[in-house]
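As structure tokens, the structure follows; a few thoughts come after it.
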Protein chains: 2
Amino acid sequence: MLNKSHGLDRVFHALADPARRAMVEQLARGAASVGTLAKPLAMSLPAVLQHLQVLEACGLVRSEKEGRVRTCRIAPAALRAAAQWIEGRRAQWERRLDRLGAFLDEQDSEQRSKR
Amino acid sequence: MLNKSHGLDRVFHALADPARRAMVEQLARGAASVGTLAKPLAMSLPAVLQHLQVLEACGLVRSEKEGRVRTCRIAPAALRAAAQWIEGRRAQWERRLDRLGAFLDEQDSEQRSKR
């Protein structure tokens, strides 16, 4: 549980940077080399590699060297864990609103039956 | 677009902290006073207020003072924006896998028809 929580810390931290989100957006469209990932970003290759390291360390991306080219891919488990945490909170909050709505409807019809 | 991206920076940064996620988890179960929010967290009230400020600044939480009690609630729009970003990337990536699967099936049946 502690590990899972620590994992979410790192995934959300990774997603808090616009350049890293741009890299994930690009990789969601398909695997890409580091060079291709770097092209649309206005930054040096070392800076791109540092962002890539953050994305790999938290498990959002994996990469492998094929010959002289490092190819990067989305690793879906971390993205799924982050989505599940947010979606879980949203669903819980909406269920609560539903229950509140049902309670108010009930109060309303009780009031009417007393009239 | 720049603003929206900046908003996601702040939302994901806010969610990268376990104490702030614990506060969102509690608020997803219902509105709570600052005192109630602070109770399960092993930290000072000023520290809790600082975390609350981060959650309010990025739009995940709103609070209002009723008499002497400050009541906090989930503000769903920011949570929805973060969920949509992640879900969008996941869906894109999975559509790509589907297309790849369809392509491979096609190649496979072409190979067979040539035999």
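Protein chains get the first letters and strands the later ones, always in sequence-line order, with residue 1 at the start of each.
Closest heavy-atom contact between B:A28 and A:Q92: CB-OE1, 3.4 Å. Closest approach of B:I86 and A:L79 over heavy atoms only: CG2-O, 3.5 Å. The minimum heavy-atom distance linking B:L27 with A:W93 is given by the pair O-CD1, 4.2 Å. The minimum heavy-atom distance between B:W85 and A:V24, with the atom names listed, is CH2-CG1, 3.8 Å.
Here CZ of A:R95 is found 11.5 Å from CZ of B:R29. Values are rounded to the nearest 0.5 Å. Taking CZ of B:F12 as the reference point, atom NE2 of A:H13 lies at 13.5 Å (rounded to 0.5 Å).
Comparing A:P18, A:A83, A:G88 by how many heavy-atom pairs each has under 4.5 Å with chain B, the most go to A:P18.
For residues 34-53 of chain A, heavy-atom neighbours of chain B at less than 4.5 Å comprise no residues at all.
You'll find the side chain of B:R21 reaches within 4.5 Å of the side chain of A:D9, heavy atoms only.
Residue pairs meeting the salt bridge (Lys or Arg N to Asp or Glu O under 4.0 Å) criterion with at least one partner in residues 50-65 of chain A, sequence neighbours excluded, are A:E64-A:R73.
Of the atoms belonging to A:R89, heavy atoms from both backbone and side chain fall under 4.5 Å from chain B.
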